[in-house]
Amino acid sequence: MELLTTLLHKYGLLGLCMMIFLEYACFPISSEIVLPFCGAVAEPMDISFFTLIPASILAGLAGTTLCYFVGRIGGTRVLSFLKTRFPKTRKGIEASEEKLEHYGAFAVCFGRVIPLCRTYIAFIAGSVKQPLAQYMTYSLLGITIWNCVLISLGYLFQSNWNEVQRYYEEYKMLLIFTAATLLLVFWMRKGHLKHTPPKDSHTK
């Protein structure tokens, strides 16, 4: 938290974006801390909410795209290295692989709100050579939802920052479940519409 405060006071909005970029680039920084904190300190630093949100989304996209290219260039060797060198990553990587295999490209979107999966989904999407445009589209949707929710919490309850952290920890799983369910419903509806045959336009 001290590093966050130093960056923010020294670099302002750029500092906020740097922290968000690092979090999405899989540095050991928790988005559950970084994003609400950015929202909480934005107004005292004269940073508009409507400036912070798009800036945070761009920073998140940049960070996750870096991981995507690491996975795309390194392929499965990157995943094997991570699982061998850091055994604790095995569970998260295998869970992310399972989600991507089951839900396809949409896993990139709702994986943003699932712990562990959020960390490794970019590497896996890159390693299986998911088309970049497709990856960016689904990442944009997931990052936008996740950033808006967490930054808004910090922005709205900045005077009760400790309370926000406490309530988030208490209801974190409910928040994650709700966000993941909404994204899954969106995916299912999209798939249904895509496979619904057009109505016959011929008249008798």
Please give me the minimum heavy-atom distance between [X] and [Y], naming the atom from each residue.
| X | Y | value |
| --- | --- | --- |
| Ile143 | Thr64 | CD1-CG2, 4.0 Å |
| Tyr24 | Cys67 | O-SG, 3.8 Å |
| Ala125 | Val108 | CB-CG2, 4.2 Å |
| Leu66 | Ala25 | CD2-CB, 4.2 Å |
| Ile93 | Ile124 | O-CD1, 3.4 Å |

Using 0.5 Å steps for rounding, measure from the [atom1] atom of [X] to the [atom2] atom of [Y].
| X | Y | atom1 | atom2 | result |
| --- | --- | --- | --- | --- |
| Leu141 | Trp146 | CG | CH2 | 14.0 Å |
| Lys91 | Ser96 | NZ | OG | 11.5 Å |
| Tyr120 | Lys99 | OH | NZ | 14.0 Å |
| Leu79 | Glu94 | CG | CD | 10.5 Å |
| Ile20 | Ile57 | CD1 | CD1 | 9.5 Å |
| Leu156 | Ile151 | CG | CD1 | 11.5 Å |

Under 3.5 Å donor-acceptor, Thr89 side chain and Phe86 backbone: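 Checked: pair present.
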Same apolar cluster (I L V M F W Y, side chains within < 4.5 Å links), Phe81/Ile73: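 As far as the 4.5 Å side-chain criterion goes, Ile73 and Phe81 are not connected within one cluster.
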According to a 4.5 Å side-chain heavy-atom criterion applied to Ile, Leu, Val, Met, Phe, Trp and Tyr, with indirect links allowed, do Leu132 and Leu58 form part of one hydrophobic cluster?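 No, because Leu132 and Leu58 fall into different hydrophobic clusters, even though each may have its own neighbours under 4.5 Å.
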Do Ile121 and Arg112 have side-chain heavy atoms sitting under 4.5 Å apart?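 Of all side-chain heavy-atom pairs linking Arg112 with Ile121, at least one is under 4.5 Å.
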I want to check something: taking the side chain as every heavy atom from C-beta on, are Leu61 and Ser139 in contact at a cut-off of under 4.5 Å?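 A side-chain contact under 4.5 Å exists here.
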Going through the checks in order, is the side chain to side chain contact (heavy atoms under 4.5 Å, CB included) test met by Leu16 and Val41? CA-CA 10 Å; Leu16 293 176; Val41 301; 4.1 Å; yes
Pair Thr65, Met136 - check side chain to side chain contact (heavy atoms under 4.5 Å, CB included), show working. CA-CA 8 Å; Thr65 303; Met136 295 289 283; 3.2 Å; yes
Worked verdict on Arg90 versus Leu82 for side chain to side chain contact (heavy atoms under 4.5 Å, CB included): CA-CA 8 Å; Arg90 179 178 294 274; Leu82 289 173; over 6 Å; no
If you count heavy atoms of other groups shown closer than 6.0 angstrom to CD of Glu101, is the number above 12?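 Not buried by this count: 12 neighbours or fewer within 6.0 Å.
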Is there any side-chain hydrogen bond (donor to acceptor under 3.5 Å, both in side chains) pair reaching into residues 72-82, and which pairs are they, with sequence neighbours excluded?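 Sorted result for residues 72-82: Tyr68-Arg72.
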In a table with atom names and distances, give each donor-acceptor pair under 3.5 Å that connects a side chain of residues 45-55 to protein atoms at least two apart or in another chain.
| from | atom 1 | to | atom 2 | distance (Å) |
| --- | --- | --- | --- | --- |
| Ser48 | OG | Phe50 | N | 3.1 |

